[in-house]
Amino acid sequence: MSGKVLMPVFNEIDYDGRVQRAAEALSQSYQVTVYSVNSGKGYVHPEYSLETWDRPNRWKKIHFLVFSLWFIRQSIQNRGSLIYAHDYFMAFPGWLAAKLTRSKFIYDAHELIIPDGNEKMGRRQKIFYLLESWVVRRASRVVAANKERADLMKDYYALKQTPLVIRNIPPISDYESLGEYTSVLDRYKHHESAIKLVYQGDMSLERGLKKFILAFKYLPEEFRLFLIGGGTDAPRIEELIRKEKLTDRIVMLGKVPRNILPGLLLHFDVGIISYPYKGLNNIYCAPNKLYEYAQAGLPVIATGQPPLKYYVKSYEIGLIAEKEEGQPDNDPSQIASLIREMNPESIAFFKSNLGAFIREHTWENEKAALLTDMSELSYARTGENYGN
């Protein structure tokens, strides 16, 4: 081992694949300890250590502050050579902990929070944006989830170096028993000709899920939709499905453990990726679900953000819900027409192209890039940062 890495994330690590992948990769060369919110589900990993913070039921408005102070205290007690902070929540606390312990600081920007010229920032968002602005020029390394985001950050913050690109590509996983989800899938086995679509991710109506749900009012009986994930809009989505009398064709599976998800996706035919056309973080999205669907053999129907459009069209692995410049987002009837194009013949064609896409986009390549860069950082002089 060439040193200790302290890795804070203000999140439950159980469902955060990006943090899990980074921790596991760096554990090959470092002694890694992840500091996260306690999910209460006993998550452990054989390759790295985990320290968790118990979120109290009260004082919700200051949970972030309390967690940050807890991590800073932990970092002083367990000094590491590198502090690798995840997401904008941990940008400033991670930098401060690195300053206090004289560690090198890496900032992994899960999201793109630089403002869009047409977007009005709320107070909370503005605070985190200002903190990121301070930190990003002082980091020893900045990591972004795709090239588009890295280029935007470099230009906007006038960085000396382009952030290291580590894409959200999961490793190909072994398939585990589906347990309780087997009985849910068995309910639909009598629909032998059914074309089963799946959306997995945040249950957020802001992401454009409503138009995909309402599209089923215009689709024949053989189409089904399964929704995997949790979120604040889950009750509203469930109510919408009931109101539109679609409960026999749209099934909400809720949050699914990451170890079960790969095997579960094998039971569907088409994956849905949906983002709004508002905010740079959505326009230049970097979803891991694109790769998860591909690894499960699923072609996709995706909204037309530039990164999604590039991959889906270049590799011919699905269909894009096009949005005309200046026009409103796709309406449900247009989405229904697109879903109808996913027939057995087109699905077979798109599936035949998934192999090339998977071979050219592997976690092994991303992991090698991360390990190489961290090794170079270990030998760089302490004063180097992105703002010099």
Side-chain angles (χ1 to χ4, degrees), residues 6-23 32-45 48-78 83-97 100 107-111 113 121-132 135 179-181 184 199-207 209 227-242 252-261 281 288:
L6 310 186
M7 188 175 285
V9 58
F10 184 55
N11 192 8
E12 299 172 355
I13 188 178
D14 309 46
Y15 302 100
D16 200 321
R18 187 171 179 86
V19 178
Q20 292 177 20
R21 291 191 295 273
V32 178
T33 302
V34 176
Y35 296 85
S36 79
V37 176
N38 189 3
S39 69
K41 297 179 180 177
Y43 177 88
V44 294
H45 195 282
Y48 54 85
S49 301
L50 179 65
E51 296 289 339
T52 58
W53 174 76
D54 294 321
R55 191 195 300 264
N57 293 325
R58 52 183 178 173
W59 306 323
K60 291 184 179 181
K61 290 185 178 181
I62 62 169
H63 280 183
F64 161 71
L65 178 60
V66 177
F67 178 86
S68 299
L69 293 173
W70 171 78
F71 168 69
I72 291 170
R73 181 182 178 186
Q74 291 284 326
S75 69
I76 293 171
Q77 292 175 345
N78 307 287
I83 289 182
Y84 190 122
H86 283 275
D87 214 349
Y88 59 80
F89 289 110
M90 285 291 101
F92 185 77
W95 171 82
L96 183 57
L100 292 171
Y107 170 49
D108 193 325
H110 287 208
E111 298 188 43
I113 64 170
M121 299 180 75
R123 183 174 65 177
R124 174 180 174 277
Q125 185 183 11
K126 189 172 183 179
I127 289 171
F128 283 112
Y129 155 66
L130 292 173
L131 291 174
E132 182 182 83
V135 163
E180 64 186 283
Y181 299 101
V184 177
Y199 168 88
Q200 64 98 353
D202 186 23
M203 291 296 117
S204 169
L205 291 172
E206 287 186 358
R207 288 198 173 188
L209 270 179
L227 302 175
I228 299 174
T232 55
D233 284 345
R236 293 172 61 194
I237 290 170
E238 191 172 9
E239 177 58 30
L240 175 65
I241 293 168
R242 281 198 299 267
M252 295 185 71
L253 297 179
K255 265 189 172 184
V256 171
R258 290 198 61 79
N259 60 317
I260 290 178
L261 183 62
N281 187 58
N288 56 9

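Small disclaimer: the values here were computed from a predicted structure and weren't measured.
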Exercise answer: donor-acceptor pairs, residues 65-75 side-chain atoms, under 3.5 Å, sequence neighbours excluded:
from, atom 1, to, atom 2, distance (Å)
S68, OG, F64, O, 2.8
S75, OG, I72, O, 2.7

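- Side-chain atoms of L50 and H45, non-hydrogen and from C-beta on, never get closer than 4.5 Å to each other.
- None of Y84, F10, Y35 except one satisfies the side chain to side chain contact (heavy atoms under 4.5 Å, CB included) rule with M90; the exception is F10.
- R236 and E239 are not joined by a salt bridge, as no carboxylate oxygen comes within less than 4.0 angstrom of a charged side-chain nitrogen.
- To the nearest 0.5 Å, atom CZ of residue R124 and atom CD1 of residue I127 are 9.5 Å apart.
- The side-chain heavy atoms of H110 and Y88, taken from C-beta on, include no pair separated by under 4.5 Å.
- The nearest pair of heavy atoms linking G94 to I83 is O-CG2, 3.8 Å.
- Checked by atom type and distance alone, the side chain of Q200 never pairs as donor or acceptor with a backbone atom of G229 at under 3.5 Å.
- Residues L227 and I237 form a side-chain contact, since some pair of their non-hydrogen atoms from C-beta on lies under 4.5 Å apart.
- Contact check for M203 versus T232: no side-chain heavy atoms found under the 4.5 Å cut-off.
- Between A234 and M252, the shortest heavy-atom distance links the atoms O-CE, 3.7 Å.
- A donor-acceptor distance shorter than 3.5 angstrom exists from the side chain of H63 to the backbone of R58, with no hydrogens or angles considered.
- Identified under the side chain to side chain donor-acceptor pair (under 3.5 Å) test for residues 9-19, with sequence neighbours left out: N11-D16, D14-S39, Y15-K41, R18-D108, R18-N168.
- Side-chain contact between Y199 and L209 is present, with heavy atoms from C-beta onward closer than 4.5 Å.
- A distance-only check finds a donor-acceptor pair linking the side chain of N38 to the backbone of G40 [under 3.5 Å].
- With rounding to the nearest 0.5 Å, the separation of CE in M121 from CG in L130 is 7.0 Å.
- No side-chain heavy atom of I113 sits under 4.5 Å from any side-chain heavy atom of N281.
- In this view, E206 satisfies the salt bridge (charged side-chain N to carboxylate O under 4.0 Å, His left out) rule with no residue, not counting sequence neighbours.
- Listed by chain and number, the residues in a side chain to side chain donor-acceptor pair (under 3.5 Å) with D202 amount to none (sequence neighbours excluded).
- Looking at residues two or more places apart in sequence or on another chain, you find no side chain to side chain donor-acceptor pair (under 3.5 Å) involving N288.
- Residues Q20 and Y43 form a side-chain contact, since some pair of their non-hydrogen atoms from C-beta on lies under 4.5 Å apart.
- The two atoms that bring S36 and I13 nearest to each other are OG-CG2, 3.8 Å, heavy atoms only.
- By the side chain to side chain contact (heavy atoms under 4.5 Å, CB included) test, A23 pairs with M7, V32, V34, Y48, sequence neighbours left out.
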